[in-house]
Amino acid sequence: MDSTSIPAVTISAIGQHNDSEIQLNGWVQNKRENKGLAFIILRDGTGFCQCVASEQELGEDEFKKTKDLTLESSVRISGKVKKDERQIGGYELQVTGIEVIQIAQDYPISKKAHGVDFLLDKRHLWLRSKRQWAIMRVRNQVIYSIHNFFQSRGYVQMDAPIFTGNACEGTTNLFETDFFDQPAYLSQSGQLYGEAMAMAMGKIYTFGPTFRAEKSKTRRHLSEFWMIEPEMAFYNLEMTMDVIEDFLQSVIGDVLQNCSFELEVLERDVTKLKAALNPFVRLTYKDAVAILKGEKEVNGKRSIDLLTEDLNKAKDRLSELNNEIEETEAALKKGGIKKGKVVRMEQSLQNWRAEKAELEEAIRNIPVWIQSAENFVDGNDFGGSDETVITRMFDTPVMVFNWPKIIKAFYMKEVDEDPTLVKGVDVLAPEGYGEIVGGGERETDIDVLIDSIKKHDLPMSEFEWYLDLRRYGSVPHAGFGLGLERLITWICKIHHLREAIPFPRLMGRLLP
RNA sequence: UCCUCGGUAGCUCAGCGGUAGAGCAGUGGACUGUUAAUCCAUUGGUCAUAGGUUCAAAUCCUAUCCGGGGAGCCA
């Protein structure tokens, strides 16, 4: 085959070459065979395309090559583009020639189900699979939209250092390193540096990696993740909440507009994302507590009633499932069923058992959540379940502001009417995803700040440069931090935060 | 650190005192429009490790190791 005379194109651009002969470079994502006919699903990173090879068209020798193709073998395939609405991407390739580059032997990720742990061991290969491809494309869109949002509004991107000397919120959460015989820590926030940069440029944002050393093993934790931290001079809390809302809606809008195929691959219910384009709910901490404890209704419902409803639904579904499982097990044991049907029944059983485990967990959890909500002590921080309960009441993200001073960071500005409160804001994502943004207005008064640093038992010497920002032209300013992976996890509605980053780092995982 | 669930074929799991199982993957075969193709056949096991109870242990008990997700903490 003369590979030079036929133009090589990407699958994403295949629509521009309908009815003409082209060449695709890629990997075999899947293959189905009939006598004299082979269907190769090719992926090239830009998309997926079914290539149809016919023995009649190709001749015996060229067609034989399709027989050897295994999953993830690399190939150049030339052929004629044919529009076909039924196919993935809307086109298929009628193969005229195949050049095998390499035959992959025993690709470890098969076409059927795998556990997350196994897949994470194979993360370098897992990234090739369709779901991961879709998530990473959404991630790319989110990153692009973030830059676009801030750049088009006059923000300057400036980055904070990764090595820091100040253990600004205690050393237990920080990774310690040896920095020329001095202890240094990997940054857990660029916030303080962001304030310095905002005093130089007006509006800035940082975009970089952040490190947390907590020994946390949950679906919402990473030891290394990416954070975006805008900081604006002459902004107050209200203006910041407006920016957050505008910002998140802009990113979500871009994803909805540009990633419809990716969201389809992920089977994402986009009505939930579209709901977030409506104005966000804004609650004071006090109101949020009242809603949590069931003292305040939302749309005529109390949180505890809604949870009880959820609990009963889960119980009903569980007994339904148990019946289905029992009946199917009995039928299988009895035998005399065709093989194809047996396979389907086995698969249903596996799905049901997984759903059952989830329901049982919910049934165990919800009473605890109700208890925790009822007994919530005003003035405490919200736990994971409390966040879930609050967001359960609304369709849009929820912004909670005016928090008790004692549970928030030292740099937050006090509320004028009530100095026990500070002008912080947390954004809670819907569908149980919890906190994605934390921010607020910063303290401008140097005496209040010095007092706060002392009360938090922080080493004053480390903060002299920070206090300079208040000594020389202190102005009202505010900002926030967005956890990139948490936002992506919610947008894609994925189970594990670790699927939202190419190579996750967490306790017990440094490879690959 | 605490709570909780788990470790059985390459993968996903069932079996819970009495001969080690299923599906997928792999391999061989059938089939000219498949969509996780289907159908037939077939390879594949120190049941995490070490002790103990028992006529008999993957199954019960004890210890150890490893992992999951939840609490704490957090984006």
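Below, chain A is the first sequence line, B the second, and so on; all start at residue 1. Since the model is a prediction, treat every value here as computed from it, not as a measurement.
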Out of [options], which has the shortest distance to the side chain of [X]?
| X | options | result |
| --- | --- | --- |
| A:Leu222 | B:rG69, B:rG33, B:rA75 | B:rA75 |
| A:Arg486 | B:rG33, B:rA71, B:rC74 | B:rC74 |
| A:Leu37 | B:rU12, B:rG33, B:rG69 | B:rG33 |
| A:Gln87 | B:rA75, B:rG33, B:rG70 | B:rG33 |
| A:Asn30 | B:rA36, B:rC73, B:rG33 | B:rA36 |
| A:Glu214 | B:rU32, B:rC11, B:rC73 | B:rC73 |
| A:Asp117 | B:rG69, B:rG67, B:rU34 | B:rG67 |

Is [X] touching bases, backbone alone, or none of the nucleic acid, heavy atoms closer than 4.0 Å?
| X | result |
| --- | --- |
| A:Arg498 | sugar-phosphate |
| A:Gln56 | base |
| A:His496 | sugar-phosphate |
| A:Glu92 | base |
| A:Leu497 | base |
| A:Gly36 | nothing |

For [X] and [N], what is the distance between atoms [atom1] and [atom2] respectively, to the nearest whole Å?
| X | N | atom1 | atom2 | result |
| --- | --- | --- | --- | --- |
| A:Leu174 | B:rC74 | CG | P | 12 Å |
| A:Leu428 | B:rC74 | CG | C1' | 13 Å |
| A:Phe225 | B:rC73 | CZ | C1' | 12 Å |
| A:Trp369 | B:rA71 | CH2 | C1' | 13 Å |
| A:Asn365 | B:rG70 | CG | P | 9 Å |
| A:Arg32 | B:rA25 | CZ | P | 13 Å |
| A:Lys31 | B:rC24 | NZ | P | 17 Å |
| A:Glu387 | B:rG72 | CD | P | 10 Å |

When the nearest nucleotide of RNA chain B is assigned to A:Arg364 and to A:Val427 on a heavy-atom basis, which residue is associated with the more 5' position?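 Nearest nucleotide further toward 5': that of A:Arg364.
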When the [atom1] atoms of [M] and [N] are compared, how many Å lie between them, rounded to an integer?
| N | M | atom1 | answer |
| --- | --- | --- | --- |
| B:rU27 | B:rG52 | C1' | 43 Å |
| B:rU38 | B:rG23 | P | 13 Å |
| B:rC40 | B:rC31 | P | 16 Å |
| B:rA58 | B:rG51 | P | 14 Å |
| B:rU42 | B:rA9 | C1' | 15 Å |
| B:rC60 | B:rG15 | C1' | 16 Å |
| B:rU62 | B:rU53 | C1' | 11 Å |
| B:rG7 | B:rU49 | C1' | 11 Å |

I want to check one thing: is the phosphate of [N], taken as OP1 and OP2, less than 4.0 Å away from some side-chain N or O of [X]?
| X | N | value |
| --- | --- | --- |
| A:Arg219 | B:rG70 | yes |
| A:His221 | B:rG72 | no |
| A:Arg220 | B:rG72 | no |

Distance criterion of 3.5 Å, no angle test: do you see the side chain of A:Glu55 paired donor-to-acceptor with the base of B:rU32?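 Counting by modelled atom types and ignoring angles, no donor-acceptor contact under 3.5 Å is found here.
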Just wondering, more than 12 heavy atoms not from A:Asp106 lying within 6.0 Å of its CG?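 No, the 6.0 Å shell around CG holds no more than 12 heavy atoms from other groups.
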Does A:Lys82, at its NZ atom, have more than 12 non-hydrogen atoms belonging to other residues, nucleotides or ligands within less than 6.0 Å?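 Result for NZ/A:Lys82: enclosed.
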Mind running salt bridge (Lys or Arg N to Asp or Glu O under 4.0 Å) on A:Lys80 and A:Glu57 for me, showing each step along the way? CA-CA 12 Å; A:Lys80 202 173 164 190; A:Glu57 301 291 322; over 6 Å; no
Looking only at side-chain N and O atoms, does A:Glu443 offer a donor or acceptor that is under 3.5 Å from a partner on A:Ser452?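 Checked: A:Ser452/A:Glu443 side chains show no N/O donor-acceptor pair below 3.5 Å.
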Can you spot which of A:Arg498, A:Arg139, A:Arg220 makes a salt bridge (Lys or Arg N to Asp or Glu O under 4.0 Å) with A:Glu485?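 Among the candidates, only A:Arg139 passes.
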Could you tell me whether a side-chain N or O of [X] sits under 3.5 Å from a main-chain N or O of [Y], the two making a donor and an acceptor?
| X | Y | result |
| --- | --- | --- |
| A:Lys130 | A:Val265 | no |
| A:Lys408 | A:Gly424 | no |
| A:Ser129 | A:Arg131 | no |

Represent RNA chain B in dot-bracket notation, 5' to 3'. Only Watson-Crick or G-U wobble pairs with both distances under 3.5 Å count; pseudoknot-style crossings use [ ] and interstrand partners use |. ((((((((.[[[[.)..(..]]]].(((((.......))))).....[[[[[..)....]]]]])))))))....
Which residues within residues 431-440 of chain A lie with some heavy atom under 4.0 Å of an atom in RNA chain B?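 Those residues are A:Glu435, A:Ile436, A:Val437, A:Gly438.
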Provide a list of protein-nucleic acid N or O atom pairs under 3.5 angstrom, restricted to nucleotides 29-31 of chain B.
{"residue": "B:rC31", "atom": "OP2", "partner": "A:Lys35", "partner atom": "NZ", "Å": "3.4"}
{"residue": "B:rC31", "atom": "O2", "partner": "A:Asn34", "partner atom": "OD1", "Å": "3.3"}

As a quick check of understanding, evaluate salt bridge (Lys or Arg N to Asp or Glu O under 4.0 Å) for A:Glu441 and A:Lys423, giving each step before the final call. CA-CA 6 Å; A:Glu441 194 173 330; A:Lys423 296 186 178 182; 3.7 Å; yes
Decide salt bridge (Lys or Arg N to Asp or Glu O under 4.0 Å) for A:Glu431 and A:Arg268; before the verdict, give the C-alpha distance in whole Å, the side-chain angles of both, and the deciding distance to 0.1 Å. CA-CA 12 Å; A:Glu431 300 173 81; A:Arg268 180 60 163 126; 2.9 Å; yes
Whether A:Phe39 stacks on the six-membered ring of B:rG33 base, 5.5 Å and 30° limits: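 It does not: the two rings, one from A:Phe39 and one from B:rG33, miss the stacking criterion.
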Heavy-atom check, side chain of A:Leu192 versus side chain of A:Thr164, under 4.5 Å: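 Sidechains of A:Thr164 and A:Leu192: no contact.
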Do A:Val100 and A:Ser73 touch side chain to side chain, with heavy atoms closer than 4.5 Å?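 Counting from C-beta outward, A:Val100 and A:Ser73 never come under 4.5 Å.
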Glycosidic conformation of B:rU34, syn or anti, with 90° from 0 as the boundary?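 B:rU34: anti glycosidic orientation.
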Does the pair A:Lys356 and A:Glu320 meet the rule for a salt bridge (Lys or Arg N to Asp or Glu O under 4.0 Å), with working shown? CA-CA 10 Å; A:Lys356 185 180 162 180; A:Glu320 209 178 290; over 6 Å; no
Any salt bridge between A:Asp68 and A:Lys31, counting N to O under 4.0 Å?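 So A:Asp68 does not pair with A:Lys31 through a salt bridge.
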My understanding is that only one of A:Arg123, A:Arg219, A:Gln132 makes a side-chain hydrogen bond (donor to acceptor under 3.5 Å, both in side chains) with A:Glu499; could you say which?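 When A:Arg123, A:Arg219, A:Gln132 are each tested with A:Glu499, the side-chain hydrogen bond (donor to acceptor under 3.5 Å, both in side chains) holds only for A:Gln132.
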